[in-house]
Amino acid sequence: MLSAFCYPPWPRFLLSAINNSRAIAQAHALMILTGEVAGDNSPGNLIAAYGRSGNLHAARQLFHSLPQPTISSWNAIITAHSRNDSPFEILRLYRRMVSVGGAKPDSSTFTVALKACAQLSDLESGEQIRSHAANLGFQNDVFVNSSLLNLYAKCGKMVDALQLFDKMPKRDLVSWTTMITGFSSAGKPLAAIDFYIRMQSEGVQGDGIAMVGLLQACAVIGHARMGLSIHGHIIRLDMRMDVVVETSLVHMYAKSGHLSLANRIFSRMRHKNVVSWSALISAHAQNGFANEALFMLVKMQDSGIQPDSASLVSGLLACSQIGFLKLGKSFHGFLIRRRLNVDDVKLGTAVIDMYSKCGCLLNARTLFNVLSLRDSIAWNAMISCYGIHGNGVEALSLFLKMKEANLKPDDATFASLMSALSHSGLVDEGRQSFNCMLNEFRIEPGEKHYASMVDLLARAGHAEEALDLIRTMTDEPGVAIWVALLSGCLNHKKFIIGEYAAEKVLKLNPDDLGVYALVSNLYASARNWDRVSEIRRVMKKMGMKKTPGHSLVELDGKLHAFLVEDISHPEHVKIVAVLKRLEYEMRKLGYIPKIELVLT
DNA sequence: ATAGGGTTAG
């Protein structure tokens, strides 16, 4: 009876159709009874079936019971681990197969092993596998080669990827898409788009995954027009849109400044996961809509999706923008309860940044000290924290410790450091750090570095040196730099350079009233009355359309917003009384408020 | 037949 039912060889299609563990176990039992497990391909098929059904344990048990696993068994167990996302185990199995297994790996073995290397960014193991595959005659295999392309792309080696791609005799959609995605994440969006065009001209039709790569490219450069045309392309070709494609669209529109389109796409999505929500939340947080971002975080939870690290990072960013310490703290508590903070630098840095921007330097430092993995961005956040709190000396000492820890400072490190030094007026240290950036680390200074340096020099009365520095810039200096020079000149009564800076500022037409006030004050000090009245006219015109600034104060977890001459707060009488008292106390201590130019 | 390419965050 039994042997009639499972007459060998056990049909593969039957096993591959089964994906329920019990049925596979039954088939397994039958095969043991008929002695078929010892056969050629059956164990492999069975292991593969266990793997597909997610029963890795049973797959491993069966595999380990085999005295001499065949290639199909090896591949099946390796693939089962690939489903389970355990790259280390895959490489371990691969090495065992090669060294003692006696079975020769084939194209699919190499493919899965290379994928594991890509996940681990393990270039060295990948190269070993590459030469092994070449020795066995797989150097022209599309699967192996595409996996290698992906390995190079994940390791940031697009030059090597390109070199291999160029000599590949056979390429398919996956090879092309790997290159497109690789260029996008390497910050080379134009190369990505160029590759897509080449792919099309060679008659290869794109799919959703290729579109995701292209949308990423547009997001990187914030190119709305191109993003829009890719969106149109997707619709025209009637491509299936899944969550990932739609999320990429949301992200692309958000990054290219079209929040309302991002919102519209999102609201029409049928399936939303935590990634889609996070894309939307970060879109709002990064565009300064902190309250909306926080509101969406709540809505996501209401819809039954719990925040993950990425959504919390955006939530924390929103908190730091509006100084919402209480909520930031509760996020911190939430992620500790959920044990989300282990080994996640991004999350840890976001918490540090939140405490830093909410004025809790000590909390930030405590957290920084216990962070298990500190990369250069974590250090940057901490250095910038000291800068924000006006402690340039500590920022500098942290910078030195960072170098001792063998971490390479980048342009952001120096931006934070220079800004900290300039706010503390540490001129010599500023000059040294600027030179260190240029000579020791060969970092091209950007607008921010120059602005801090000019601010530092001009503030200390070295307007001439600041101007010399500006003249070494290759790019055209922006408003911030001239304003820094101007304000230093105003304080030190350096009217000649000051007027020169003022002219530069006016030429750049900033739409900041404060800047015009500064320019006007300089001309007034220099007794250039024609210019003063001219600027007053400009300011009056601007004043009409300027949106009023406001400040936010958090009390007992509630945010209170205040505008100029705002009396809408229910307790405004008491508030004003306290302010008056504070001003009186300050004057008693010798503080003389500097009244800036008043509009008439 | 099996295997390779995709979304969010400091």
Side-chain angles (χ1 to χ4, degrees), chain A residues 12-13 15-16 41 44-45 48 51-52 71-72 74-76 78-80 82-83 105-116 118 138 141-151 153-154 171-182 184-185 206-216 219 242-252 254-255 269 272-283 285-286 300 307-318 320 340 344-354 356 371 374-382 384 412:
Chain A
R12 179 200 306 275
F13 69 86
L15 265 182
S16 53
N41 282 322
N45 293 337
R52 265 194 305 275
I71 170 78
S72 82
W74 277 108
N75 281 351
I78 289 175
T79 308
S82 179
R83 282 206 180 74
D106 64 7
S107 162
S108 67
T109 326
F110 291 126
T111 302
V112 180
L114 285 168
K115 181 185 184 177
F138 289 100
D141 188 283
V142 227
F143 276 77
V144 172
N145 282 336
S146 297
S147 306
L148 278 168
L149 292 180
N150 187 40
L151 171 71
K154 290 280 152 31
R171 302 163 187 149
D172 63 7
L173 174 60
V174 176
S175 333
W176 283 102
T177 310
T178 306
M179 294 303 283
I180 291 171
T181 307
S184 282
S185 39
D207 66 355
I209 301 181
M211 295 306 113
V212 169
L214 291 178
L215 289 170
Q216 238 177 349
D242 59 14
V243 225
V244 182
V245 176
E246 287 177 314
T247 302
S248 300
L249 279 170
V250 169
H251 179 231
M252 178 277 294
K255 281 276 172 188
M269 284 171 68
K272 296 163 181 159
N273 58 20
V274 67
V275 181
S276 346
W277 277 100
S278 300
L280 190 75
I281 292 167
S282 83
Q286 289 182 350
M300 174 176 84
D308 65 354
S309 320
S311 26
L312 280 175
V313 165
S314 299
L316 286 161
L317 176 67
S320 55
L340 284 173
D344 194 335
V345 225
K346 284 186 180 150
L347 189 52
T349 308
V351 182
I352 289 173
D353 203 56
M354 182 277 295
S356 155
L371 212 61
R374 283 183 292 215
D375 63 4
S376 59
I377 303 181
W379 284 87
N380 292 357
M382 202 58 231
S384 133

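Protein chains get the first letters and strands the later ones, always in sequence-line order, with residue 1 at the start of each. Bear in mind the structure is a predicted one, so any value in this text is a computation, not a measurement.
One N or O donor and one acceptor, one from the side chain of S146(A) and one from the base of dG4(B), sit under 3.5 Å apart. Evaluation of atom-type donor-acceptor distances gives a pair under 3.5 Å for the side chain of T177(A) against the base of dG5(B). Side chain S248(A) to base dT7(B): no donor-acceptor pair is found below 3.5 Å. Judged by atom type and distance alone, N380(A) does not reach the base of dG10(B) through any side-chain donor-acceptor pair under 3.5 Å. At a cut-off of 3.5 angstrom, counting only N and O atoms as typed in the model, there is a donor on one side and an acceptor on the other between the side-chain of T349(A) and the base of dG10(B). Contact of D172(A) with dG4(B) (side chain to base): a donor-acceptor pair of N or O atoms is detected under 3.5 Å.
Using a distance-only test at 3.5 Å, with no hydrogens or angles considered, no donor-acceptor pair links the side chain of N150(A) to the main chain of A153(A). Between the side chain of T349(A) and the backbone N or O of V345(A) there is at least one donor-acceptor pair closer than 3.5 Å. Side-chain atoms of T181(A) never come within 3.5 Å of backbone atoms of T178(A) as a donor-acceptor pair (strictly under, hydrogens ignored). Although no hydrogens or angles enter the test, the distance criterion places a donor-acceptor pair under 3.5 Å between the side chain of D375(A) and the main chain of A378(A). Listed for the S184(A) side chain is a donor-acceptor partner under 3.5 Å among the backbone atoms of G213(A).
When the side-chain nitrogen and oxygen atoms of Q286(A) are compared with OP1 and OP2 of dT8(B), none of them lie within a distance under 4.0 Å. A sub-4.0 Å separation between OP1 or OP2 of dG6(B) and a side-chain N or O of Q216(A) is absent. Close to dG5(B), at under 4.0 Å from its OP1 or OP2, lies no side-chain N or O of T181(A). OP1 and OP2 of dT7(B) both lie 4.0 Å or more from every side-chain N or O belonging to H251(A). A close approach under 4.0 Å does not occur between any side-chain nitrogen or oxygen of K115(A) and OP1 or OP2 of dG6(B). Residue N150(A) places at least one side-chain N or O closer than 4.0 Å to OP1 or OP2 of dG5(B).
Within 4.0 Å of V250(A), counting heavy atoms only, lies no atom of the nucleic acid at all. No contact: K272(A) has no heavy atom under 4.0 Å from any strand. Nucleic acid contact class of V245(A) (heavy atoms, under 4.0 Å, all strands): base. Across all strands, S278(A) comes closer than 4.0 Å to base atoms (heavy-atom distances). Within the 4.0 angstrom heavy-atom criterion, base atoms lie near V142(A). Residue contacts shown for N145(A) are absent, as no nucleic acid heavy atom lies under 4.0 Å away. Note on L173(A): a base of the nucleic acid sits closer than 4.0 angstrom, heavy atoms only. S107(A) comes within contact range of at least one nucleobase, with a heavy-atom separation under 4.0 Å. When heavy atoms are screened at a 4.0 angstrom cut-off, A378(A) is found touching base atoms of the nucleic acid. Within the nucleic acid shown, D207(A) comes within 4.0 Å of at least one base atom, counting heavy atoms only. Contact annotation for S175(A): base contact, defined as any heavy-atom pair under 4.0 Å involving a base atom. At the heavy-atom level, S282(A) lies under 4.0 Å from the strands shown only through sugar-phosphate atoms.
Of the candidates dA3(B), dG6(B), dT8(B), the closest approach to any side-chain atom of R83(A) belongs to dA3(B). Comparing dG6(B), dG10(B), dA3(B) by their closest approach to the side chain of F143(A) singles out dA3(B). Between dG5(B), dA3(B), dA9(B), one nucleotide has an atom nearer to the side chain of T111(A) than all others, and that is dA3(B). Comparing dA3(B), dG6(B), dG4(B) against the side chain of S108(A) picks out dA3(B) as the nearest. Comparing dT8(B), dG10(B), dT7(B) against the side chain of D375(A) picks out dG10(B) as the nearest. The K255(A) side chain lies nearest to dA9(B) when the options are dT7(B), dA9(B), dG4(B).
The CG-P distance, from N75(A) to dG4(B), rounds to 11 Å in whole Å. For the pair I180(A) CD1 and dG6(B) C1', the computed distance is 12 Å after rounding to whole Å. Atom pair M354(A):CE and dG10(B):P shows a separation of 15 Å (rounding to whole Å applied). Distance M269(A) CE to dT7(B) P: 14 Å, rounded to the nearest Å. What separates CD1 of I352(A) from P of dA9(B) is a distance of 19 Å, to the nearest Å. The CG atom of D141(A) sits 10 Å away from the C1' atom of dG4(B) (whole-angstrom rounding). For W74(A) and dA3(B), the CH2 to C1' distance is 17 Å, given to the nearest whole Å. For I71(A) and dA3(B), the CD1 to C1' distance is 11 Å, given to the nearest whole Å.
Considering only residues two or more places apart in sequence or on other chains, W176(A) meets the ring pair (Phe, Tyr, Trp, His ring centres under 6.0 Å) condition with F165(A), F195(A). In this structure S278(A) satisfies the side-chain contact (heavy atoms from CB on, under 4.5 Å) test together with V274(A), D308(A), A310(A), S311(A), sequence neighbours excluded.
For the residue pair S314(A) and I281(A), the shortest heavy atom distance occurs at CB-CG2, 3.6 Å.
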